[in-house]
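A, B, ... follow the sequence lines: proteins, then strands. Residue 1 opens every chain.
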Protein chains: 2
Amino acid sequence: MKSDHSSSPLTRDRILAAALELIDRHGVHGFSVRDLARTLGVYPTALYWHVPSRNALIAGAVAHALGELRPPDVEADWRDELRSLFRRYRDAVRRHPHIAQVIGAQLVSNESLSPVLVDRLLALLENAGFRGARLLNAYNVVIAAMVGFVTLELSPLPEDDPVQWAKAHEARLRDVSADDCPTLSRHLPKFADRAFVVRWSSGTERPLDASFEAWVEVVVEGLAVLKDA
Amino acid sequence: MKSDHSSSPLTRDRILAAALELIDRHGVHGFSVRDLARTLGVYPTALYWHVPSRNALIAGAVAHALGELRPPDVEADWRDELRSLFRRYRDAVRRHPHIAQVIGAQLVSNESLSPVLVDRLLALLENAGFRGARLLNAYNVVIAAMVGFVTLELSPLPEDDPVQWAKAHEARLRDVSADDCPTLSRHLPKFADRAFVVRWSSGTERPLDASFEAWVEVVVEGLAVLKDA
DNA sequence: ACCTGAACACCGTTCAAGT
DNA sequence: ACCTGAACACCGTTCAAGT
C-alpha cells in the first residue's frame, strides 16, 4: 500500500508524487517538508534544489492530481459536455479529497487547471452560442460551479480532534430550539448530516450525490437562460 | 488605524476581534497565536484558557465576521431574497477577504453560519414551493452557490512571494501557444486577469462584478427550473 | 478563575560545505 | 549539478506554578 520512495534519484516528479501521497494520508495541514524528506530518504534541504517552497510542493501535488482531467468535446452537445465535465472533476478530486480546499481557496491552484482545458471549454461555450461579455461570464460561472460545490462538499473536519468536533457539532444541532428555528427543527431528521452547515461528516464519508446532481442541472439550465436572455 | 488591544481584561470576544484584525492584516497563513498574544500583551499560553486551539481562534474570528449576515425575509419574493442574500454574503466576506478560504474549505466554519439563517432560508424555499428531497437539494444548491463563487473570487495569492508569482503567471499565460489553444489565445485580451485561472490578481483587487451578477441569475433561474421539474 | 513561565517537540528556509 | 549538515528564527501546545 505504502510505496517505497527511498530509491534514487530525486526528481521533481517523484517528489510531487510522494507529496500527493502524504497529503492524501495526513491532509494539507499535516503535510510537512521534513516528513516528505524522511519518506524520500534525503535531507529536508535537498528538496529545495528541485522545488522552491512548501507552497510550490502543494501546488505541484494538486496539479499532479488534476493532470488527468479530460477536457470537454468541443463538437458535442454543450449541456451534456458540461454535465460530464462536472462529474469528471468531482471524481478526480474525490480520489484525493484533501486537495479540495487548496483548489477552491488558493489562486496558486490556477496552475493546476491546464490551458488546454480552458481552451476547450471556451470553444464549447462559443459553439453553444455565448458571445462577448456573455462568454466571459458563462466561463466564470462554469469554473466556479465546477470547483465550488466540490470544495464545500469535501471540506475536511478540523485536523485537531475530528471525532470530538463531530460529536460536539451534532449535539449543537440537536439542541436547536424549536422556538427560534421552527422550520429547521421540523426538517432536522431529513437534513441531519446530509446538508451543508447541518452536517458533521465530510463529503468523503457522506457524499451529497443527489444534491450534486441537482446542482449540475441548476447550473446547466440557468446557463441556458443566460444564453438566450 | 491599528487599535490598542493591550488593555485589560482578556475575554473571548476581545481575543476573537483581535484575531480577525490580524487575519485581515496578514492572512490566515500568516496568523500566529504568538503574534496574537503579543498584540494583546499577554503570554501565548494565556489564550488557551479562553480558546482551545489555533483552529478555534480562526473559526471564531470567521464567525465574528459573518455574525452580521442578515437572514432572508421569509415572506418576500424568493428570487429577490436569494439575490440579495448572495450579495450581502459577498459584501460581508469582502470586508475580510482572507476568511474566504476558511469558509469555503473547512467544515469548522459551518459554525459561522447561524442556525437562524439556515432556518429562514429553509422557510423561504418552502414558501417558494420546494418540498421533500427537492427542498434538501435546493438548500444545498443555495449554500454552495452563496459560498462557492466568493471563495474562488477572493482566493489569495501565494503568501510566499505574491508579486513575483503574479508576474510569472502573467508571463505563462501570454506564452500560451495559438496552436495548442487557439480559442484561448484569441480571447486572451478580453479574458486576461478577468477570468478564473486566466488571472493573476485576487478578487480583492480585481472584483468579478459582472460575472458574479451572471452567477446569481444563473442560480436563481436554474432553481426555478428545478422547482417546477 | 485566570495568567505566568519554562519546556517540548516540532516547523520552513538559509547558506556554506561537500562530492 | 545535486545533496549534506549545521544553524536561524520561528511555531502550537503541555503543564506546573503562581496569584
Sub-4.5 Å side-chain heavy-atom contact between A/Phe212 and B/Asn140: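 Side chain of A/Phe212 against side chain of B/Asn140, heavy atoms only: no contact under 4.5 Å found.
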
Secondary-structure notation, DNA chain C, from Watson-Crick and G-U pairs under 3.5 angstrom (| other strand): ||.|||||...|||||.||

Spacing of the C1' atoms in C/dA16 and D/dC2 (rounded, Å):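 That atom pair is separated by 15 Å.
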
B/Arg88/B/Asp91 salt bridge by N-O under 4.0 Å criterion: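 No.
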
Pair B/Tyr139 + A/Phe191: ring centers closer than 6.0 Å: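 Yes.
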
A/Tyr48 ring center within less than 6.0 Å of A/Tyr43 ring center: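 No - the distance between ring centres of A/Tyr43 and A/Tyr48 does not fall below the 6.0 Å cut-off.
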
Aromatic plane relationship, B/Trp215 with B/Phe149 - under 30° parallel, 30 to 60° tilted, over 60° perpendicular: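 B/Phe149 vs B/Trp215 ring planes: tilted.
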
A/Leu208 backbone acceptor or donor facing A/Glu153 side chain under 3.5 Å: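 Yes, the answer is positive, given that a donor and an acceptor are paired below the 3.5 Å cut-off.
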
Main-chain N/O of A/Trp165 paired to A/His169 side chain as donor or acceptor, under 3.5 Å: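 Between the backbone of A/Trp165 and the side chain of A/His169 there is no qualifying donor-acceptor contact (under 3.5 Å).
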
Letter per nucleotide, 5' to 3', of nucleotides 3-16 of chain C [B base touched, S only sugar-phosphate touched, - untouched; heavy atoms, 4.0 Å]: BBBBB---BBBB--

B/Asp13: side-chain hydrogen bond (donor to acceptor under 3.5 Å, both in side chains) partners, not counting sequence neighbours: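 Listed in chain order: nothing, the list is empty.
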
